[in-house]
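See below for the structure under consideration.
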Amino acid sequence: MGVFNKLFSKKKKVDNTAQIAKQRLLSVCIAQTNTTGEERSELIQKIKAAVIQVVSDYYKTKIDADQINVGKIDSAEDILELTVNLPDDQKSEEAK
Amino acid sequence: MSRVIVVTSGKGGVGKTTTSAAISTGLALAGKKTVVIDFDVGLRNLDLIMGCEKRVVFDFINVIQGEAKLSQALIPDKHVSNGKLAILAASQTKDKDALTKEGVGKVIDELKEMGYEYIICDSPAGIEQGALMALYYADEAIIVTNPEVSSIRDSDRILGILQSKSRRAENGEEPIKQHLLITRYDPTRVASQQMLSTDDVLEILKINLIGVIPESQDIIMASNAGAPVILTEKSNAAAAYQDTVERILNPNQDIPFRFTVEEKKKGFLSKLFRKK
């Protein structure tokens, strides 16, 4: 590279990738097992709200957070299991 | 009282063996009777990093299978002149299933009886038998992580395993103390937002930070020479490992983390007129 090129060339633009990496990690890591009880409870409430939103897209009757049971799969230490109890009449109506 | 410390990570190539070698050497230099065990059956490397590869006669598996006495398999380290450091090499030929819970437990108990204050278990990568055995008897864990996505995710997985698959977890005892060691840290890239910072990593993994080792050419030079990097003079990586050892020895002492902030480059004039 000549002297003029060196003097007047544009610097290569560098993307700030650290924050992208952080966000991606936060979404995949199960570090929630290391979170405090309060943080975990807040997280579960957020997950429940998201599930309610998804269910409301497919079913007419609305469900509330009490109809979602939270558990853990015994054989795996890091898999959270959510069970949604749908009203029977709603299920049969959808089946028709 | 002995402390059994596993050096683990999940991901390969993050610096577990370099860390095991550096920390065990640092502890021995501080006068602590230390043994470092290679759990990587079939792919041993600790002997190379410690520079004792030509002195391996018997190995860990020979001891477990009763083919040699523990005293015959322990290799005295030549870098630490006080005789406080020994290495127990892994087998290069045997099956990793030869590492049994009972066998490993018996060897660790015998090392404790021999008066070893620190038993450092150098874990292989992955989450199979060797890695599980390396962490099973641990009192503490050093999780080695690069500030990079795949390494952090694997460390997160290892944290879950430590909490469920160790002897302490099985017996419902006090959990393994977990410490995070960040390696290959480059403050310049962190400053330009191209690398996750220590705070970012801690926010994700949520465990106690025990050391930050800067990216350094000294590490490859040390492994080339078969001498733990902590012995390298005027090396930032060696100084950072030394700080880590101090934190292991004095957990209640507040030792500042060095080499985590970008060093400002000196200008032309200050270079020209600097005082010697």
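Labels below follow one simple rule: chain letters A, B, ... track the order of the sequence lines, proteins then strands, and each chain is numbered from 1.
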CD on B:Q193 to CD1 on A:I20, rounded to 0.5 Å: 10.0 Å

Any idea which heavy atoms bring A:A21 and B:V149 closest together, and the distance? CB-CG1, 3.6 Å

Mind checking whether B:D200 and A:Q19 have side chains closer than 4.5 Å, heavy atoms only? yes

Counting only heavy atoms not in B:R247, do more than 12 sit closer than 6.0 Å to its CZ atom? yes

Once salt bridge (charged side-chain N to carboxylate O under 4.0 Å, His left out) is applied, do any residues pair with B:K96, and if so which ones, sequence neighbours excluded? B:E128

Would the number of heavy atoms belonging to other residues, nucleotides or ligands and lying under 6.0 Å from CD of B:E174 be above 12? no

Mind jotting down which residue pairs meet the side chain to side chain donor-acceptor pair (under 3.5 Å) criterion with at least one end in residues 138-147 of chain B? Sequence neighbours excluded, please. B:R3-B:E140, B:D139-B:R168, B:E140-B:H179, B:T145-B:S155, B:N146-B:T183

